[in-house]
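Input: a single structure, listed below in structure tokens.
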Amino acid sequence: QVQLVESGGGLVQAGGSLRLSCAASGRTFSNYAMGWFRQAPGKAREFVAVVSWSGYDTYYSDSVQGRFTISRDNAKNMVYLQMNSLKPEDTAVYYCASRAGYYRDLQSKADSWGQGTQVTVSS
């Protein structure tokens, strides 16, 4: 298993930016696809973005495409979510997640989860 800890959440104005970070522990971090999910109050948890273990392949939900960028630094055991042009509907708890194997499979099921970090976007 991979242990994940998110940070970087906070309160921002609409149109602003935040960068979320996820610190991973575990000897096999570089073999895992890494991704982000979010959950708004009263709504189901939804997929946001994923990056393959190599860092060369990414995939985003339609709602964040063009605004968010996922990346990873395997040497530092870190994964990031750069969020630009934030909207009030982006307000949610954001969770870091990982899964061994094909990166697109993380969208449907993750093996490990972080504790979440709150992102609030005011209008």
Side-chain angles (χ1 to χ4, degrees):
Q1 298 81 10
V2 177
Q3 292 183 321
L4 308 170
V5 179
E6 304 95 331
S7 63
L11 174 64
V12 297
Q13 296 287 329
S17 298
L18 279 176
R19 188 185 72 162
L20 305 183
S21 298
C22 176
S25 62
R27 300 180 187 275
T28 61
F29 169 76
S30 63
N31 296 323
Y32 285 74
M34 302 294 299
W36 292 90
F37 291 75
R38 67 186 183 186
Q39 187 168 26
K43 296 185 179 296
R45 186 173 299 184
E46 65 175 345
F47 167 79
V48 175
V50 63
V51 59
S52 65
W53 69 268
S54 68
Y56 290 112
D57 301 296
T58 60
Y59 181 74
Y60 301 89
S61 68
D62 291 340
S63 61
V64 307
Q65 179 71 47
R67 299 187 298 121
F68 291 9
T69 302
I70 188 171
S71 62
R72 67 191 297 164
D73 186 339
N74 289 343
K76 297 180 179 179
N77 291 342
M78 297 289 291
V79 61
Y80 307 98
L81 185 68
Q82 178 66 46
M83 305 184 295
N84 298 326
S85 302
L86 283 163
K87 306 174 181 179
E89 53 261 45
D90 295 318
T91 295
V93 177
Y94 283 71
Y95 297 90
C96 182
S98 67
R99 176 169 180 163
Y102 184 53
Y103 76 106
R104 291 293 302 276
D105 289 341
L106 183 143
Q107 182 175 353
S108 58
K109 183 180 182 297
D111 296 326
S112 300
W113 296 89
Q115 83 289 348
T117 185
Q118 177 70 48
V119 172
T120 302
V121 184
S122 61
S123 59

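Note that this is a predicted model, so its numbers are computed, not measured.
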Taking atom CD as the centre, does Q3 end up with more than 12 heavy-atom neighbours from other residues, nucleotides or ligands that are less than 6.0 angstrom away? no
Side chain of T91, backbone of V121: donor and acceptor closer than 3.5 Å? yes
Close side-chain approach of F47 to F37, heavy-atom, < 4.5 Å: yes
Applying side chain to side chain donor-acceptor pair (under 3.5 Å) to S63 and not counting sequence neighbours gives R38, S61
Open item on the list: Does any part of the side chain of R67, heavy atoms only, come nearer than 4.5 Å to the side chain of D90, both counted from C-beta?
Closed with: yes
For S85 and S17 the tightest heavy-atom approach is N-OG, 4.3 Å
The side chain to side chain contact (heavy atoms under 4.5 Å, CB included) partners of S52 (sequence neighbours excluded) come to S54, D57, Y103
Distance col, row D73:CG vs M78:CE, nearest 0.5 angstrom, shows 8.5 Å
Would a hydrophobic clustering, with Ile, Leu, Val, Met, Phe, Trp and Tyr connected at side-chain separations under 4.5 Å, put Y59 with L106? yes
When every non-hydrogen atom of G8 is compared with those of T117, the smallest separation belongs to N-OG1, 4.3 Å
- Item | Short side-chain to backbone donor-acceptor contact, E6 and G116, under 3.5 Å | yes
Minimal heavy-atom distance between I70 and M34, with the atoms involved, is CD1-O, 3.6 Å
Taking N31 for the side chain and A100 for the main chain, is one N or O donor matched with an acceptor at less than 3.5 Å? no
Distance-only side-chain donor-acceptor flag, S98 / D111, under 3.5 Å: no
Is there a side-chain contact between S71 and R19 (heavy atoms, below 4.5 Å)? no
